[in-house]
Amino acid sequence: VSNTMHKIASGRMPSFDVPDAGVDYCIFGLMPNTSRVAIKFSYRNTFGELRKNVERYQEEFAIGKRTQVPPVWAICKQLVSPKAKENAAPELEGDILQTIVSGSPFPRKILEAVVRRVRVDSDPENNHFVKLNDVRAGLIKVCLSRKIKEEEKITMALNPQNKNAAYLCGRLFAVLEKVQQDSASGELNKTIKDSYFASACATPAVVFARLVQLSQNHLAKLEKGMQIYYNKLLGEIIGDLEEFPKALSLEEQGKFILGYYQQNAALYTKKENQSEGK
């Protein structure tokens, strides 16, 4: 049992060889409270149900090439500014652990925290995985997975069949950014992500008309084959959008971020395959 719980705490998939699935299992989450120890939460169920909840969480967290879930402390680290000296509020660790073992929906404040960090943080010149990385994307994915319709379920990789407007806007932003980068041969100190990501994520209708117009200048600088490829991709995404949403809710902002993350990963995967002759 000790070995099993240690693996869960470190983000690894346990073997669940023991105990028997029907055995009752209890967990108490404890936290210091002045001179006393308080019970943060208690959980009692069969070990089989605990296993099911943990496996579900790990499947929902998986995104892109990441299949191993990070430990809870590493997830909490992504909920504060990278420049901050303090850690995330201690109660967040308890909230996340309680949600994992109980299989309940993630608290709204967790989604609020991670979306805020993606919108507010910036990537330093030497690290392009601060603003949005696979841990933040995975956390958004697991927060949304228990609240959205089956047809809008977030898959591990890009899902062209997902017609949700927020997800499509995120995809579109990723393509527009890539067009800009390719038109400058990657020699840009600042992209549209640095200037427009936060506003595009919250109020797409305000900025997308301008971004699409700017992209025409960037497309004109590309060779003919790339122009055709990007125009086709842009047309497919915009064709599925009836209009740009005026404002996105917190959940929709999460979908925007995942659409951007997954489309961006797909674009760079395609480029890597082309460079390898695949």
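All heavy atoms count here, side chains included; hydrogens, waters and symmetry mates do not. Values in this document were obtained by computation on a predicted structure and should not be read as measured data.
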Look at the side chain of [X] and the backbone N and O of [Y], then say whether any donor-acceptor pair between them is shorter than 3.5 Å.
X	Y	answer
K193	K190	no
N231	Q227	yes
D123	V130	yes
K40	G94	no
R136	I75	no
Q253	L248	yes
Q262	T155	yes
K246	A205	no
Q263	A174	no

inquiry  = Checking R56 against E60 for the salt bridge (charged side-chain N to carboxylate O under 4.0 Å, His left out) test, could you report, in this order, the C-alpha distance in whole Å, the side-chain angles of both residues, the deciding distance, and whether it holds?
reply    = CA-CA 6 Å; R56 176 189 176 191; E60 290 175 339; 3.1 Å; yes

Over-ring placement of K141 relative to Y261, 6.0 Å and 45° cut-offs =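 No, K141 does not lie over the aromatic ring of Y261.
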
inquiry  = Please enumerate all residues that pass side-chain contact (heavy atoms from CB on, under 4.5 Å) together with N53, with sequence neighbours excluded.
reply    =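 Checked N53 against side-chain contact (heavy atoms from CB on, under 4.5 Å); matches are Y43.
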
task = Apply side-chain contact (heavy atoms from CB on, under 4.5 Å) to P107 and list each qualifying residue two or more places apart in sequence or on a separate chain.
result =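 In terms of side-chain contact (heavy atoms from CB on, under 4.5 Å), with neighbours along the sequence ignored, P107 is linked to D95, T99, K109, I110.
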
So with a 6.0 Å cut-off around [atom1] of [X], is the heavy-atom count from everything else above 12?
X	atom1	value
Q213	CD	no
R146	CZ	yes
E223	CD	yes

Under a plain distance cut-off of 3.5 Å, with no hydrogens placed, do [Y] and [X] share a side-chain donor-acceptor pair?
X	Y	answer
E49	Y25	no
N159	Y167	no
T191	Q180	no

query = In chain order, what residues pass the ring-ring contact (aromatic ring centres under 6.0 Å, His included) check against Y196, with sequence neighbours excluded?
reply =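 Counting only residues at least two positions away or on another chain, Y196 forms no ring-ring contact (aromatic ring centres under 6.0 Å, His included).
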
message = So, taking the atom named SG in C169 and the one named CD1 in I257, what distance separates them when rounded to the nearest 0.5 Å?
response =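 If we round to the nearest 0.5 Å, C169:SG and I257:CD1 are 13.0 Å apart.
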
ask   = How far does CE of M156 sit from CD of E59, to the nearest 0.5 angstrom?
value =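 The CD atom of E59 is 10.5 Å from CE of M156, to the nearest 0.5 Å.
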
query = Should the pair F106 and Y57 be assigned to parallel (<30°), tilted (30 to 60°) or perpendicular (>60°) ring geometry?
reply =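 Taking Y57 first and then F106, their aromatic rings lie parallel (interplane angle under 30°).
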
